[in-house]
Amino acid sequence: MRAIGQDVLGGPEVLRIVETERPEPGPSEVLVRVHAAGVNPTDLWHRETGGLLGERPVPLGWDVSGTVEAVGLGVTMYRPGDAVYGMPRLPRPAGAYAEFLTAPARHLALRPAGLSHTEAAALPVAALTAWQSLVDTAGVGPGQRVLVHAAAGGVGHLAVQIAKARGAHVTGTASGPKHAFVKDLGADEVVDYRETDFTEAVKDVDVVLDTVGGEYGPRSLEVLRPGGMLVSIASPAEAYLADAARQRGLRAGFTIVEPDNGGLREIAALVESGRLRVHVDAVLPLAEAGRAHELLAGGTVRGKVVLTVA
């Protein structure tokens, strides 16, 4: 089968098409014929540094949408021909940048009705990150005030919609040209982070989702109400930040997204009810994975970049 490989860690130029053996599903696994693979910041990080997996190249790609080709021993959830989507194995290698991959059956779910493979492949990593941060970790509910940083990004644009679906009042930060896009997602307010200090424009927030990192974490504590929570997906909350939060009567935490069949089914239900839509900004063929990484690194993407495979 064809796949994207790399011999060394480095920039987008190290990515290339390789021929490799088609995998076989083990017990409790399925073999998926990949139709599309989403591109995420974690892909860029692992390509360049090895990420959480050590200083060596690993098969890239975790967002996948495709059809079940075969099932392993003990799998009863799916049959060959089923359309599925998911985020298998993260933070371990999955290898979605390929024509086939194997995945634990419960790391996938049936593809949301009405979505193409390209749209479905854009969802799992970003939508599960938003869901697990806002719902599982922060417990966002009706009447709460939520601030989403980088609200036009891959995670951000889905987080805005998930928070709204939970009944929250949502403020997003985004550059001026992206304000109309974020408002169209359902955001109640949008702050231009280039022109306005969000700590002056936003107050009494229950939950902040920090998708940026750096100084955004400490500054976000200033906008939280007593008892509020900062959830970071960009960098671990260092001891000083957690201590600073506690001293103010706040909470601060760092989350890493996990494979989650239940979460995928909740996300599919939101899509099918019309309360969640994914925006695909660019679609490229598998052979142009390097170009896809360049686009995402450029910082101008709204929503997601997807590779078509089959």
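Here the structure is a predicted model, which is why all the values come from computation and not from measurement.
His157 contributes a side-chain N or O that, together with a main-chain N or O of His279, makes up a donor-acceptor pair within less than 3.5 Å. Judged by distance alone, with hydrogens and angles left aside, the side-chain atoms of Glu48 form no donor-acceptor pair with the main-chain N or O of Trp45 at under 3.5 Å. Asp281 places no side-chain N or O within donor-acceptor distance of the main-chain N or O of Val301, the cut-off being under 3.5 Å. Looking at Ser232, its side chain does come within 3.5 Å of a backbone N or O of Ala234 through a donor-acceptor pair. Thr196 places no side-chain N or O within 3.5 Å of a backbone atom of Tyr193 that could act as its donor or acceptor partner. A donor-acceptor pair under 3.5 Å links the side-chain atoms of Asp260 to the main chain of Gly262, judged by distance alone. A donor-acceptor pair under 3.5 Å is absent between the side-chain atoms of His107 and the main chain of Ala103, judged by distance alone.
Atom CD of residue Glu258 and atom OG1 of residue Thr129 lie 10.5 Å apart, to the nearest 0.5 angstrom. With rounding to the nearest 0.5 angstrom, the CE atom of Met229 is 13.0 Å from the OG atom of Ser220. Atom CG of Asp204 is separated from atom CG of Leu147 by 12.5 Å, given to the nearest 0.5 angstrom.
A salt bridge does not link Asp210 with Arg219: every distance from a Lys NZ or Arg NE/NH1/NH2 to an Asp or Glu carboxylate oxygen is 4.0 Å or more. Between Asp188 and Lys183 there is no salt bridge, since no side-chain nitrogen of the basic residue lies less than 4.0 Å from a carboxylate oxygen of the acidic one.
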I'd like to know whether Asn40 forms a side-chain hydrogen bond (donor to acceptor under 3.5 Å, both in side chains) with Thr42, so could you lay out the CA-CA distance, the side-chain angles of the two residues, the decisive distance to 0.1 Å, and finally the verdict.
CA-CA 5 Å; Asn40 295 284; Thr42 192; over 6 Å; no

Stepwise side-chain contact (heavy atoms from CB on, under 4.5 Å) test for Leu134 and Val207:
CA-CA 8 Å; Leu134 295 176; Val207 177; 4.2 Å; yes

Any chance you could lay out the side-chain contact (heavy atoms from CB on, under 4.5 Å) test for Thr49 and Leu9, step after step, and finish with the verdict?
CA-CA 6 Å; Thr49 69; Leu9 300 175; 5.5 Å; no

Without placing hydrogens or testing angles, list every side-chain donor-acceptor pair under 3.5 Å for residues 80-87, not counting sequence neighbours.
from, atom 1, to, atom 2, distance (Å)
Asp82, OD2, Arg79, N, 2.8
Tyr85, OH, Leu264, O, 2.7

With a 3.5 Å cut-off and sequence neighbours excluded, list the donor-acceptor pairs that the side chains of residues 112-126 form with protein atoms.
from, atom 1, to, atom 2, distance (Å)
Ser116, OG, Thr118, N, 3.4
Ser116, OG, Glu119, N, 3.1
Ser116, OG, Glu119, OE1, 3.3
His117, ND1, Ser65, OG, 2.8
His117, ND1, Arg111, NH1, 3.2
His117, NE2, Arg111, NH1, 2.8
Glu119, OE1, Ser116, N, 2.9

Give the table of side-chain donor-acceptor pairs shorter than 3.5 Å for residues 171-178, with sequence neighbours excluded, one pair per line with atom names and distance.
from, atom 1, to, atom 2, distance (Å)
Thr173, OG1, His149, ND1, 3.2
Thr173, OG1, Ala150, N, 3.1

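Checked against side-chain hydrogen bond (donor to acceptor under 3.5 Å, both in side chains), Arg89 has the following partners two or more places apart in sequence or in another chain: Glu29, Thr102. Remark: Arg2 pairs with Glu99 by the side-chain hydrogen bond (donor to acceptor under 3.5 Å, both in side chains) rule, at least two apart or across chains. Evaluation of the ring-ring contact (aromatic ring centres under 6.0 Å, His included) rule for Tyr97 yields His293 as partners, not counting sequence neighbours.
Other residues, nucleotides and ligands place more than 12 heavy atoms under 6.0 Å from the CD atom of Glu13. The 12-atom threshold is not exceeded at CZ of Arg92, counting heavy atoms of other residues, nucleotides or ligands nearer than 6.0 Å. Summarising the local packing, CZ of Arg106 is surrounded by 12 or fewer heavy atoms from other residues, nucleotides or ligands at distances under 6.0 Å.
The only member of Asp63, Val34, Val283, Val39 that meets side-chain contact (heavy atoms from CB on, under 4.5 Å) when paired with Leu307 is Val39.
Side-chain contact between Trp131 and Arg166 is present, with at least one heavy-atom pair separated by less than 4.5 Å. With contacts defined as side-chain heavy-atom distances shorter than 4.5 Å, the pair Val14/Arg47 qualifies. Val71 has its side chain out of reach of Pro25: every pair of non-hydrogen atoms, C-beta onward, lies at least 4.5 Å apart. Counting heavy atoms from C-beta outward, Val170 and Val148 have side chains that approach closer than 4.5 Å.
In this structure, a donor-acceptor pair under 3.5 Å is absent between the side chains of Thr255 and Thr137.
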